Colleague: 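Sharing a structure, written as structure tokens. Questions coming.
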Amino acid sequence: MTGRSALRPPTRSEYCVISCAEAWRDNGEVLASPMGLVPSFGARLAKRTFSPDLLLTDGEAMLVGLDGTAEGWLPYRRHLTMVTGGRRHVMMGASQIDRFGNQNISCIGDWARPARQLLGVRGAPVNTLNNPVSYWVPRHSPRVFVERVDMVSGVGYDRAEAAGVTRFHRLPRVVSDLGVFDFTGPGRSMRLVSVHPGVTVDQVRAATGFDLAVGGEVPFTREPTAEELRLIREVIDPGALRDREVRV
């Protein structure tokens, strides 16, 4: 790294970027579909480092290189083929998520008379049943990590199993501003994998609206390497937009 950036320790937002990047480790040649700034930075970091075969898109109809230059055409029919065959890994947001990974981005409150109308179900059911889906939550709180979602948009492990649609259903990880989670707890429930430096397990538990699985001593999220920090700070996000999404 150059100048003062080499002297600054990793920030919480940079731990979040590296945690999102890790979602695509060892994915091979699949289409990364990150939604949000930090997941987008994570996907680009993964492709520049440990997942060079990852495919990036402009979000519309083109495959793009690391500098955003168009490298190929991705027609809608081809995109759908990748989705239905599991060759796409989405990282979505969640207005609510429960212990089994059921996600809500549609409404808060009763569906017939919601207190708040949100995005709608969108492509969440198809995404979660047909290709790997991870989640990014920039504000970890009991209002997001809930005992029961008000409406199921993305399908969790319990519902996928009950419906017998588990062939391509996989939720690799959840990343929040407090830590990293997977679904290897009892009955495929959410488990705390790591906490970001400066965060305690008790803080995570207090910010979670259900009984979170915690197995043994929980490690800290791994440190970004010097090269990863250089890429984040000088190449991928020199304007530090990540700090606007993750505020400590």
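Because the structure is a prediction, the values reported are computed rather than measured.
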Colleague: So, are Arg230 and Glu227 salt-bridged, with charged N and O less than 4.0 Å apart?
Modeller: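 Between Glu227 and Arg230 there is a salt bridge, with a charged N closer than 4.0 Å to a carboxylate O.
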Colleague: Nearest 0.5 Å, what's the CD-CZ distance between Glu161 and Phe100?
Modeller: 10.0 Å
Colleague: What are the two closest heavy atoms between Thr166 and Ala160, and how far apart are they?
Modeller: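 Residues Thr166 and Ala160, closest heavy atoms: CG2-O, 3.7 Å.
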Colleague: Can you classify the ring geometry of Tyr15 versus His196 as parallel (below 30°), tilted (30 to 60°) or perpendicular (above 60°)?
Modeller: parallel
Colleague: Determine, stepwise, if the pair Arg12 / Arg247 fulfils side-chain contact (heavy atoms from CB on, under 4.5 Å).
Modeller: CA-CA 8 Å; Arg12 180 74 60 82; Arg247 299 178 180 176; over 6 Å; no
Colleague: Testing Glu22, Met91, Arg25, His89 one by one against Pro172 for a side chain to side chain contact (heavy atoms under 4.5 Å, CB included), which residue passes?
Modeller: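 Running side chain to side chain contact (heavy atoms under 4.5 Å, CB included) over Glu22, Met91, Arg25, His89 with Pro172 returns exactly one hit, His89.
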Colleague: Going by an N to O cut-off under 4.0 Å, is there a salt bridge joining Asp98 and Arg148?
Modeller: no
Colleague: Test your reading of the model: is there a side-chain donor-acceptor pair from Gln96 to the backbone of Ile105, 3.5 Å cut-off?
Modeller: no
Colleague: Can you name the nearest heavy-atom pair linking Arg88 to Asn127, along with the distance?
Modeller: NH1-OD1, 2.8 Å
Colleague: CZ of Arg139 to OG of Ser95: how many Å apart, nearest 0.5 Å?
Modeller: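 Output value for this atom pair is 13.5 Å.
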Colleague: Could you tell me whether a side-chain N or O of Arg173 sits under 3.5 Å from a main-chain N or O of Ser19, the two making a donor and an acceptor?
Modeller: yes
Colleague: OG of Ser176 to CZ of Phe181: how many Å apart, nearest 0.5 Å?
Modeller: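 Answer for the OG-CZ pair, Ser176 versus Phe181, is 4.0 Å.
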Colleague: Check whether Glu228 reaches the backbone of Leu45 with its side chain - one donor and one acceptor, N or O, closer than 3.5 Å.
Modeller: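 Checking the backbone N and O of Leu45 against the side chain of Glu228, no donor-acceptor pair under 3.5 Å is found.
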Colleague: Angle between ring planes, Tyr157 versus His169, binned at 30° and 60°: parallel, tilted or perpendicular?
Modeller: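 Tyr157 and His169: perpendicular rings.
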